Structures are given as structure tokens and as C-alpha cells.
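This is the structure, below, for whatever I ask next.
In listed order, ligands and their atoms are each counted from 1. None of the values given here were measured: they were computed from a predicted structure. The analysis underlying the following values was restricted to heavy atoms, covering all of them including side chains, and did not include hydrogens, waters or symmetry mates. Numbers for residues simply follow the sequence, beginning at 1.
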Amino acid sequence: MIEPRKAILNVTPYVPGKPAEQVMAEFNLDDVVKLASNENPIGTSQKVIDALIEYIKTGVNIYPDGSSIKIRKQIAEHFNLKPENILMSNGADDALGIIAQTFLTEGDEVLISEYSFARYGDNSKIMGATIKEIPMKDFKFNLEAMKKAINEKTKLIWLCNPNNPTGTMLTEEEVIPFIESVPKNIIIVYDTAYGEYVTSDKYPKDSIHFFEKYPNVLTVKTFSKIYGLAGLRVGYVVSSPEINDLLNRTRQPFNCNVLSQIAAGVALEDEEFVKKAYDLNKEGKEYLYALFEEVKLPYVESEANHIFFEVPGIPSQDLSRALEKEGIIVRPQKNSFIRLTIGTMEENKLFAEKLKKVLGELK
Ligand SMILES: *Cc1c(COP(=O)(O)O)cnc(C)c1O
């Protein structure tokens, strides 16, 4: 038998949200609403689509600029950074992998939280690191417990703010003292995939500049969520030039494709599109809170584009399947928890109707 590295045997393949086509085929449905992968329900900016069509007419036989300099300069200008602070990636997922490959090896310990993004643990395990999973407190990261879990083997801490899947947020008052209490030789990955959706004024304001004061903090960003580019795969890491140089050794030479570079540049400047997505998300969130109150289901208040709720006593897989039969795809979590992506108002209303129907049947 051909042996892989031992570390790989501990890794289970990532299970993404079910594709709409699969559910349509399985249940013989004409239409399906996917509220399972935190995608942008309003689609992609028309300006991005136009730019992509223009570019693709010239063909794709030429390699992308491997250093992604144009988009890095543009992001730098937008956020008052330098291009050497930015490392582009094939979605933020790629960034998480690059970080793990750059810093982790066997014998290292990493801290993750219960109910957080699965790729933190997966990427760490692939590198042979040992995972310490810290239980949450009220569906929030328990920073006190994380601090206590640090020992001389701790190499990296994965934070997600706001968190996927719970949607909960750590405040500036919580994050800054935590960062200051962590030894400076421990990497803190600060993933802000949903940062643009936050409505609270207590959210850490300037995380894109954290590295200036705290060089051990790497801020991760993505164009997959509010910018509507999930299908293209584009994200980036913001760090000190020294860390950037290390990450740059690890990444693939052309890890941000030509279309992604173009789309990201246009998406970044389409403030109207971002505002529209933000407003719609806020409206949908209030609507869904009211729904959960009405049907008396516990839910967690969210600062992201998804809501974590529970149907007590019903395994999440059962509820998820019942909803799929009705043409709604959600994301089952552990036990009876479900993660629901906030959709358009039309989608949210359809979800409300189908949820009520399914609850009636399951009880
Ligand atoms: C969606 C998501 C990402 C980024 O995904 P990409 O599509 O790979 O950019 C990163 N972190 C979290 C927590 C996410 O939910």
C-alpha cells in the first residue's frame, strides 16, 4: 500500500453546502433556493460582469501577473496600506492554507474554537499540528479560556470575527486586550470574511492595520461574501512585509487568476453594490429574527450574513433534509443547530413559509 504522510489520515474532506443542481435532481424540483454557503444573494456587480466580458474577449492564453501587483496596489490605496502588506490568494481558503504551510509543523499546537470555520482545523491538521478546541461561551469565542490554553507549544490561534457559523462578534474591547496578552511569537490569524456586514459600532474598527502595532496578527479578507465573487476565488492576507515575504515563498506562483484580479479591482470600488448588499442583509436579518421569535425557535443574533438557529430535539440533518424536499438548502451543524444564509427578501419569505410547514410535519 502507498502510504501518505501520517497527518493526512486525520483529515476529513471538507463538506461544502449542497449544490442546487444536486438537490433539484434528488427531489425532482424545478427550482431550489440555496441558503447554505453564505453567498451574496444579489449576485455580482454588473460593473464586474462587464469588465470580465471585456477581458475574456482577448482570450486567457496569457498567464496572470503572478505578483498581482495592480490589484495589490489598488487594495493598498483603498485601505491606506502598502502593496508589500498584501498577499493575494485563490479565495481566503487558499490564504488559510498558505499560512498553515508557512508556520505549522508537527509538534506545534494551534487553538481553534468550537463552532468555527472548519478549514482552520483542517489546514492545521494537514501540516501535522495538534488542535486544541476551546468551547464557546454563549456561542462566542471564549478568549479567556483561549488565553489559558496557551503553552510553550502554541504556535497559532485562529480567530474569526464575526464568526462563521454562529455569526457572533468579538468587540474591540475584547480583541485588543486579547491580542496584547498573547506572546508575540504566536501567530494570530484574524479572519474577517464577514466584516463588511457588521452593524455594531463595537466591532474592531481598524483590523486591516492590526499588523502595524501587532506584527504577529495576520488579517484575512475575501471577495467571496459581500463583494459577490465566490465563484472566482479571490481573497488576501494583510500583514507586515516580513510575514508577507514568508507567505510569498509558500504560495503558488499564479494563485490569483487574471479574471479574479480584474473582478476584485472593480468590485472593490463598486460601493453602491456593497451598500445594497449590506442594506438587504440588515433587512433580512430583522425579518428572520422576527420569524424565529414567532415560531419560538432559539437563534443567535448575528453580525454576519447568516443566522445560527436551533430546532431543539430535531437532528439538524433531519430538518435540513425536510427543507431540501421543499426546495430550500440550509447548512446543518452539530446536534440540532442549523446555519441559514440570509437571502433576498423573497427567499427569506419562502424560507419562512417552508420552515413553518416542515415544523408542523416534524412535530
Ligand atoms: C467564506 C469564508 C472564507 C472565505 O472563503 P473564500 O471563498 O475561500 O474566500 C474565509 N473564512 C470564513 C470564516 C468564511 O466563512
What protein heavy atom sits nearest atom 11 (N) of ligand 1, and how far away is it? Asp191 OD2, 2.6 Å
Ligand 1 to Tyr194, heavy atom cutoff 4.0 Å, flagged ligand atoms 1 (C), 14 (C), 15 (O)
Backbone N or O of Ile98 within a donor-acceptor pair of the Thr102 side chain at under 3.5 Å? yes
Does some non-hydrogen atom of Trp158 fall short of 4.0 Å from ligand 1? no
Using a 3.5 Å cut-off on N or O atoms only, is Lys225 in polar contact with ligand 1? yes
Is the ring pair Tyr120/Trp158 parallel, tilted or perpendicular, if the boundaries are 30 and 60 degrees? parallel
Check whether any N or O atom of Ser224, backbone or side chain, sits under 3.5 Å from an N or O atom of ligand 1, and answer yes or no. yes
Regarding ligand 1, does Gly91 bring an N or O atom to under 3.5 Å of one of the ligand's N or O atoms? no
Would you check the N or O atoms of Asp94, main chain and side chain alike, for any that come under 3.5 Å of an N or O of ligand 1? no
What distance separates Arg331 CZ from Ser320 OG, expressed to the nearest 0.5 Å? 10.0 Å
Can you tell me if Arg119 has a non-hydrogen atom under 4.0 Å from ligand 1? no
With heavy-atom distances below 4.0 Å as the criterion, list the atoms of ligand 1 near Ala92. 4 (C), 6 (P), 8 (O), 9 (O), 10 (C)
Classify the ring geometry of Phe223 against Tyr227: parallel below 30°, tilted from 30° to 60°, perpendicular beyond 60°. tilted
Is there side-chain contact between Phe308 and Phe139, with heavy atoms separated by less than 4.5 Å? yes
Quick check on contacts: which atoms of ligand 1 are under 4.0 angstrom from a heavy atom of Asp93? 6 (P), 8 (O)
Non-hydrogen atom of Gly235 closer than 4.0 Å to ligand 1: no
Any side-chain heavy atom of Asp108 within less than 4.5 Å of one from Thr130? no
Give a yes/no on ligand 1: does Ala230 have at least one heavy atom closer than 4.0 angstrom to it? no
Which of the atoms of ligand 1 are close to Ala193, meaning less than 4.0 Å from one of its heavy atoms? 2 (C), 3 (C), 10 (C), 11 (N), 12 (C), 14 (C)
Got an N/O contact under 3.5 Å between Asn38 and ligand 1? no
